[in-house]
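Side chains included, hydrogens not; waters and symmetry mates left out as well; all remaining heavy atoms used. Just so you know, ligand 1 is whichever comes first in the structure, and atom 1 is the first atom listed for that ligand. This one's a predicted model, so the numbers in the text were calculated from it and none came from an experiment.
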Amino acid sequence: MSKVEKVVIIGSGPAGYTAAVYAARAGMEPVLYQGDQPGGQLTITTDVENYPGYPEGVQGPQMMIDFQKQAERFGTRIINGMVTAVDFSTYPHTLTIDEKEEVKAQTVIISTGASAKWLGLPGEERLNGMGVSACAVCDGFFFRGQEVAIVGGGDSACEEASYLSNICKKVYMLVRRDEMRASKIMENRVRKAKNIEILWNTEATEVLGDKEVEGVKIINNQSNEESVLDVKAFFIAIGHKPNTDIFKNYLDMDETGYINTIPGSTRTNVEGVFACGDAQDSIYRQAVTAAGTGCMAALDAERFLAEKESELVEEKN
Ligand code: NDP
């Protein structure tokens with residue numbers, strides 16, 4: 001039989017790397033699979049000013065490089081691979097990597113995070129990467145000096161609209177209600193920017209263009225008045241979906257797919273499987289809370305292994 005790992009960590013955001021630091025320092029020899037976006041969501045953000053310990057702030061990608069280095073320093077094996085399937089019906093648990101290789105694990109820590117949501121508009125998928133984007137920080141640069149639109153009224157949309165306002169000529173911000181969900185400080189930043197125009201009660205209905213974005217059709221959902229924004233890019237910042245599809249046959253989840261954990265712990269309904277970070281958190285969704293739950297998951301896994309070991313010793317006696 002192939003080697004059974006003590007702990008396999010799935011995902012490489014703040015939750016996964018923090019779990020790795022704790023598990024490695026506890027001698028659990030963790031293996032961490034990075035997934036298809038090594039470093040997670042923070043690699044597509046700019047300034048992080050609310051992570052304690054960085055009084056001057058830090059760039060998201062740099063922070064994730066630091067997290068990875070810290071996990072590696074204590075011996076975590078970090079593997080650039082994707083867990084494509086799991087089987088939690090037998091113990092030890094089985095994970096399939098990149099649809100080929102199988103790995104067995106006594107404990108599994110899920111830190112797969114969440115991914116950007118899309119609107120599903122005509123033209124959106126076709127023009128993805130040609131002016132349609134869910135990451136202003138990644139793609140805004142290509143539209144410097146031009147007019148662009150962004151959808152959403154949360155903190156992400158505000159942050160990205162502010163970012164775009166520094167490089168683009170004009171930013172239309174489409175908010176579907178007459179108020180934002182964003183925190184006041186973020187909203188005020190957007191309201192103060194001279195080149196951001198907020199279009200309240202406004203929704204996009206189609207992205208226009210053949211090989212690149214040539215405009216966006218919009219509708220005012222109060223007056224039903226339709227018009228076209230002459231923009232070269234269309235950014236979407238309407239929230240995220242947890243990356244938990246591969247676990248749905250085994251784990252209890254809420255209706256959106258966030259994994260349910262036993263209150264006060266990171267334990268799931270399956271023995272030896274723990275969940276941390278945004279995959280199980282629809283409320284706080286912060287780097288620091290993700291890191292905190294990553295620590296909890298490693299401690300919970302360590303305790304679980306210790307209990308299993310003492311059960312085995314008792315059985316032998
Ligand atoms: P949120 O869920 O907070 O906001 C989503 C926004 O998109 C809402 O305004 C929502 O409108 C709108 N929306 C959703 N679906 C549609 C749709 N189909 N059409 C049009 N608009 C739509 O997501 P965020 O990604 O903004 O934030 C997630 C979490 O991350 C939050 O807790 C936030 O505070 C945090 N965050 C913090 C940051 C920071 O502190 N620097 C930066 C970014 C995020 P409606 O309100 O009508 O539902």
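Note on K241 versus D245: salt bridge recorded, some NZ/NE/NH1/NH2 to OD/OE distance being below 4.0 Å. With respect to the salt-bridge test (charged N to carboxylate O, under 4.0 angstrom), the residues E197 and K170 qualify. A salt bridge links K184 to E187: at least one charged side-chain nitrogen sits closer than 4.0 Å to a carboxylate oxygen. Ionic pairing of R77 and E5 is present here: one or more N-O contacts between side-chain nitrogen and carboxylate oxygen are shorter than 4.0 angstrom.
Here the protein heavy atom with the shortest distance to atom 33 (C) of ligand 1 is D155 OD2, 3.4 Å. Residue, atom and distance of the protein heavy atom nearest to atom 48 (O) of ligand 1 are R181 NH2, 2.6 Å. Here the protein heavy atom with the shortest distance to atom 11 (O) of ligand 1 is R176 NE, 3.3 Å. Of all protein heavy atoms, the one closest to atom 41 (N) of ligand 1 is E159 OE2, 3.1 Å. Here the heavy atom of the protein found nearest to atom 40 (O) of ligand 1 is N50 ND2, 3.4 Å. Looking only at protein heavy atoms, the nearest one to atom 19 (N) of ligand 1 is L119 CD2, 3.4 Å. For atom 26 (O) of ligand 1, the closest heavy atom belonging to the protein is S156 N, 2.9 Å. Looking only at heavy atoms of the protein, atom 7 (O) of ligand 1 is closest to I238 CA, 3.3 Å.
Here is the list of ligand 1 atoms found below 4.0 Å of a heavy atom in H240: 25 (O). In the vicinity of G153, heavy-atom distances shorter than 4.0 Å reach the ligand 1 atoms 6 (C), 7 (O), 8 (C), 9 (O). Distances below 4.0 Å separate heavy atoms of R177 from the following atoms of ligand 1: 45 (P), 46 (O), 47 (O).
With a heavy-atom cut-off of 4.0 Å, L174 does not touch ligand 1 at all. Of all the heavy atoms of M180, none lies under 4.0 Å from any atom of ligand 1, so neither backbone nor side chain is involved. Within the 4.0 Å heavy-atom criterion, the part of Q286 lying near ligand 1 is the side chain and not the backbone. Counting heavy atoms closer than 4.0 Å to ligand 1, residue V175 contributes nothing at all. With a heavy-atom cut-off of 4.0 Å, V48 does not touch ligand 1 at all.
Summarising the local packing, CZ of R177 is surrounded by more than 12 heavy atoms from other residues, nucleotides or ligands at distances under 6.0 Å.
Remark: the H240 side chain and the Q41 side chain contain an N/O donor-acceptor pair separated by less than 3.5 Å. A donor-acceptor contact closer than 3.5 angstrom is absent between the side chains of N220 and E225. Using a 3.5 Å distance cut-off with no hydrogens or angles, the side chains of S133 and D139 do pair a donor with an acceptor.
Here the options are Q70, Q62, K69, the test is side chain to side chain donor-acceptor pair (under 3.5 Å), and the partner is D66; only Q62 passes.
Within the set G239, G154, A204, the minimum heavy-atom distance to atom 23 (O) of ligand 1 is found for G239.
The distance from atom OG1 of T266 to atom CE of M296, rounded to the nearest 0.5 Å, is 6.0 Å.
In this structure, R285 has a heavy atom closer than 4.0 Å to ligand 1.
Taking the six-membered ring where the residue is Trp, F67 and Y17 present tilted rings, their angle falling between 30° and 60°.
At a 3.5 angstrom cut-off on N or O pairs, G152 does not count as close to ligand 1.
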Report task. Take D300 and S265 through the test side chain to side chain donor-acceptor pair (under 3.5 Å) and record every step on the way to the result. Result -> CA-CA 7 Å; D300 287 343; S265 79; 4.6 Å; no
